Engineer: 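My questions all concern the structure below.
Here the structure is a predicted model, which means the values were calculated and not measured. In what follows, residues are counted from 1 in the order of the sequence shown. Only this structure's heavy atoms are used, side chains among them; waters, hydrogens and symmetry mates stay out.
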Amino acid sequence: MSDKNKNDKNKMWGGRFAAGPAAIMGEINASIDVDKRLWREDIAGSKAHAAMLAAQKIISRDDADAIARGLDQIAREIENGEFKFSHALEDIHLNIEARLKDLVGEPASRLHTARSRNDQVATDFRLWTRRACEECAKALSDLMTALVDKADTHADWVTPGYTHLQIAQPVTLGHHFLAYVEMFSRDRARFEDARARMNESPLGAAALAGTPYPIDREATAKALGFARPMANSLDAVSSRDFALEALAAASICAAHLSRLAEEIVLWTSPHFGFAALSDAFSTGSSIMPQKRNPDAAELCRAKVGRVAGAFNALLLVMKGLPLAYSKDMQDDKAATFAAFDDLALALAAMTGMIGDLTMNKDAMRAAAMRGYSTATDLADWLVRALGMPFREAHHATGAIVALAEKRGERLDELSLEAMQSVEPRITEDVFSVLSIDASVASRTSYGGAAPENVRAQIAEWRRKL
Ligand code: ARG
């Protein structure tokens, strides 16, 4: 054991230790590079704790005041980039406490009464994740507003609706955008639900068993905006399902973003030509001068990999951990922080892209007219006008489509005689349902694609947003 190790005995817990850690031990143990992001939450938690200790007469009012002043000073130092983070002090909790000792002396040593880093970090991380959920919910509201605006300006634009990415039936572009509004609203609700469920305070659980001091956990919970203290101290220090739930919500949201991103990639490809992104959201190629690449959409499409990876990473960290705290849990933060950074970026970029998109009406109409997209309308006409059973109408329509294909014509270009060669009872009236505009206008069932439905839904969303 080198003298250097002896000298580096940990100031915070070195009492029973004769020497400091091996260099590599220090390296694997230190989390400060990651958890320094919790400084705001850590200071808020300590201030709430100190105020409660004083109110309960566990420490003196003077000591609590000195602690609060010191913590405010530390907040300023960190804010201004003047704070010196130390690896030897492991994590954000010990870094702040050590600095507090420098600043205010003995009272700082009383702050950790009736508290452990275990309930401290659980509190900090909960507060951080709570805010992340709030920020995601807000970002989703912004994205939904951008989509509702887009739906509004394109409420009755006709575009192909697909199944299997084959042209299926015409729909309105407004309806298409509103489908994403529905998805993102559920994502937002998932973040809100997760936030509500996680909003309980671990503080005061201490190391794992609670504490003999007459603490007031209701008071610290209230001071930190939690609905109540967590009821079981073992659970309080060792549960991370709040973060898992937030990451699950984030993963689903990122998957939804990837689907919309993929649509933008397809729409802006020359094969579709349905949409264009301005220079602000396009990138060029270093070799092919003609290229306009939708890089932001592709990156939004990719983010689900990292976000869902973070969910998986934390799930596997937590799997099989016995109660209560284990140091494994220190590895809960890096991926979580990164996942919410990624998601915030993707949500903002997507909101920007949606606002930026210019849609091409003619290209979408032309595509919507292809693929015999009103064949279902023809079958439905046969049912309604001729009283045919749907299965039979389906069969007859199939034959008419085959005929149109052979003649190289669209359904609405086929002559009445041609259609009558398949089903003699067809009349001129059939043409009233074969246009794409008639098709979308007819989709008035609740939740359907008709422009009037789209307008009603937009009004509903405007009210809700
Ligand atoms: N840095 C630690 C973490 O993030 C804080 C808790 C440490 N607790 C302990 N008993 N060593 O989990």
Side-chain angles (χ1 to χ4, degrees), residues 154-179 259 262-276 290 357-445 447-454:
H154 301 81
D156 57 2
W157 288 33
V158 182
T159 192
Y162 300 89
T163 62
H164 315 268
L165 198 60
Q166 305 287 322
I167 294 170
Q169 295 175 351
V171 294
T172 45
L173 185 56
H175 197 55
H176 196 109
F177 283 124
L178 289 181
R259 299 183 69 177
E262 169 68 1
E263 307 240 39
I264 294 176
V265 171
L266 289 173
W267 289 347
T268 57
S269 137
H271 293 292
F272 279 76
F274 288 3
Q290 85 285 10
L357 272 182
T358 309
M359 305 305 297
N360 184 330
K361 194 177 209 164
D362 294 339
M364 287 187 299
R365 285 188 70 83
M369 281 189 242
R370 291 174 57 186
Y372 314 100
S373 64
T374 55
T376 317
D377 298 88
L378 172 53
D380 289 336
W381 185 89
L382 295 173
V383 169
R384 277 199 317 269
L386 307 181
M388 264 191 201
F390 183 77
R391 275 289 154 239
E392 232 173 83
H394 184 284
H395 190 80
T397 304
I400 294 172
V401 167
L403 185 63
E405 198 169 28
K406 209 165 87 199
R407 299 167 66 144
E409 290 173 345
R410 297 193 317 249
L411 280 182
D412 62 344
E413 289 169 344
L414 266 188
S415 66
L416 184 58
E417 293 70 37
M419 284 192 257
Q420 284 169 338
S421 74
V422 174
E423 171 49 64
R425 290 177 295 164
I426 295 178
T427 66
E428 190 71 34
D429 180 60
V430 76
F431 290 103
S432 69
V433 302
L434 294 183
S435 77
I436 55 175
D437 294 296
S439 177
V440 296
S442 74
R443 294 303 194 271
T444 52
S445 57
E452 63 182 87
N453 289 26
V454 172

Engineer: side-chain contact (heavy atoms from CB on, under 4.5 Å) for L403 and S421? Distances and angles first, verdict last.
Structural biologist: CA-CA 10 Å; L403 185 63; S421 74; 3.8 Å; yes
Engineer: Are the aromatic rings of W157 and H176 close, with centres under 6.0 Å apart?
Structural biologist: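 Ring centroids of W157 and H176 are no less than 6.0 Å from each other.
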Engineer: State the CG-OG distance between L411 and S439, to the nearest 0.5 angstrom.
Structural biologist: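 Going from the CG atom of L411 to the OG atom of S439 covers 11.0 Å.
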Engineer: Work out which heavy atom in A363 is nearest to a heavy atom in G273; give both atom names and the distance.
Structural biologist: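 In terms of heavy atoms, the two residues are closest at CB-O, 3.3 Å.
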Engineer: In sequence, state the C-alpha distance, the side-chain angles, and the governing distance for T374 and D412, and then conclude on side-chain contact (heavy atoms from CB on, under 4.5 Å).
Structural biologist: CA-CA 9 Å; T374 55; D412 62 344; 5.9 Å; no
Engineer: Over all heavy atoms of both residues, which pair between F274 and M364 is shortest? Give the atoms and the distance, please.
Structural biologist: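 Heavy atoms only, the tightest pair is CG-CG, 3.5 Å.
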Engineer: Please find the pair of heavy atoms, one from S435 and one from A438, that lie closest to each other, and give the distance.
Structural biologist: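 Smallest interatomic distance, heavy atoms only, reads OG-N, 3.0 Å.
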Engineer: What are the two closest non-hydrogen atoms of V265 and T268, and how far apart are they?
Structural biologist: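 Where V265 meets T268 most closely, the heavy atoms are O-OG1, 3.3 Å.
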Engineer: When you check the gap from the basic side-chain N to the acidic O, do D377 and R384 get nearer than 4.0 Å?
Structural biologist: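 No, no charged N to carboxylate O under 4.0 Å.
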Engineer: Calculate, to the nearest 0.5 Å, the distance between atoms OH and CD belonging to Y162 and Q169 respectively.
Structural biologist: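 Here the interatomic distance stands at 13.5 Å.
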Engineer: Using the side-chain contact (heavy atoms from CB on, under 4.5 Å) rule, take T444 and N453 through it: C-alpha gap first, then chi angles, then the decisive distance, then the call.
Structural biologist: CA-CA 6 Å; T444 52; N453 289 26; 4.2 Å; yes
Engineer: When you measure from the side chain of E413 to the backbone N and O of R410, does any donor-acceptor pair fall under 3.5 Å?
Structural biologist: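 At least one qualifying donor-acceptor pair exists.
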Engineer: I need the M359 CE to L173 CG distance, nearest 0.5 Å.
Structural biologist: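 If I round to the nearest 0.5 Å, the distance is 4.5 Å.
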Engineer: Under 3.5 Å, is there a donor-acceptor pair between the side chain of H395 and the main chain of F390?
Structural biologist: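 No.
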Engineer: Any side-chain heavy-atom pair from V433 and D380 closer than 4.5 angstrom?
Structural biologist: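 Sidechains of D380 and V433: no contact.
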Engineer: Identify the heavy atoms of I436 and A368 that sit nearest to each other, and give their distance.
Structural biologist: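 Reported closest heavy-atom pair: CG2-O, 3.5 Å.
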Engineer: Between T172 (side chain only) and A449 (backbone N and O only), is there a donor and an acceptor less than 3.5 Å apart?
Structural biologist: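 Indeed, once roles are kept as given, a pair shorter than 3.5 Å links the two residues.
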Engineer: Rounded to the nearest 0.5 Å, how far apart are CD of E262 and CG of L165?
Structural biologist: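 With rounding to 0.5 Å, CD (E262) is 8.5 Å from CG (L165).
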Engineer: Can you check side-chain contact (heavy atoms from CB on, under 4.5 Å) on M419 and F431, steps first, answer last?
Structural biologist: CA-CA 11 Å; M419 284 192 257; F431 290 103; 3.5 Å; yes
Engineer: Closest approach of R407 and S415, non-hydrogen atoms and distance?
Structural biologist: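 Taking every non-hydrogen atom into account, NH2-OG, 4.1 Å.
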Engineer: Do the charged groups of K361 and D156 touch, with an N to O distance under 4.0 Å?
Structural biologist: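 The answer is no: the pair does not qualify as a salt bridge.
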Engineer: Determine whether the side chains of W267 and N360 contain a donor N or O and an acceptor N or O closer than 3.5 Å.
Structural biologist: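 On atom types as modelled, these side chains do not qualify, holding no pair under 3.5 Å.
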Engineer: Using modelled atom types only, decide if a donor and an acceptor are shared between the side chain of S373 and the backbone of A168 within a distance under 3.5 Å.
Structural biologist: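 No; judged by distance alone, with no hydrogens or angles, the pair does not exist.
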Engineer: Is there a donor-acceptor pair under 3.5 Å between the side chain of Q420 and the backbone N or O of I426?
Structural biologist: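 It does hold such a pair.
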Engineer: Determine whether T397 and M388 make a side-chain contact, defined as any pair of heavy atoms from C-beta on separated by less than 4.5 Å.
Structural biologist: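 Side chain of T397 against side chain of M388, heavy atoms only: no contact under 4.5 Å found.
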Engineer: Compare all side-chain heavy atoms of W381 with those of L386 and state whether any distance is below 4.5 angstrom.
Structural biologist: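 Side chain of W381 against side chain of L386, heavy atoms only: contact under 4.5 Å found.
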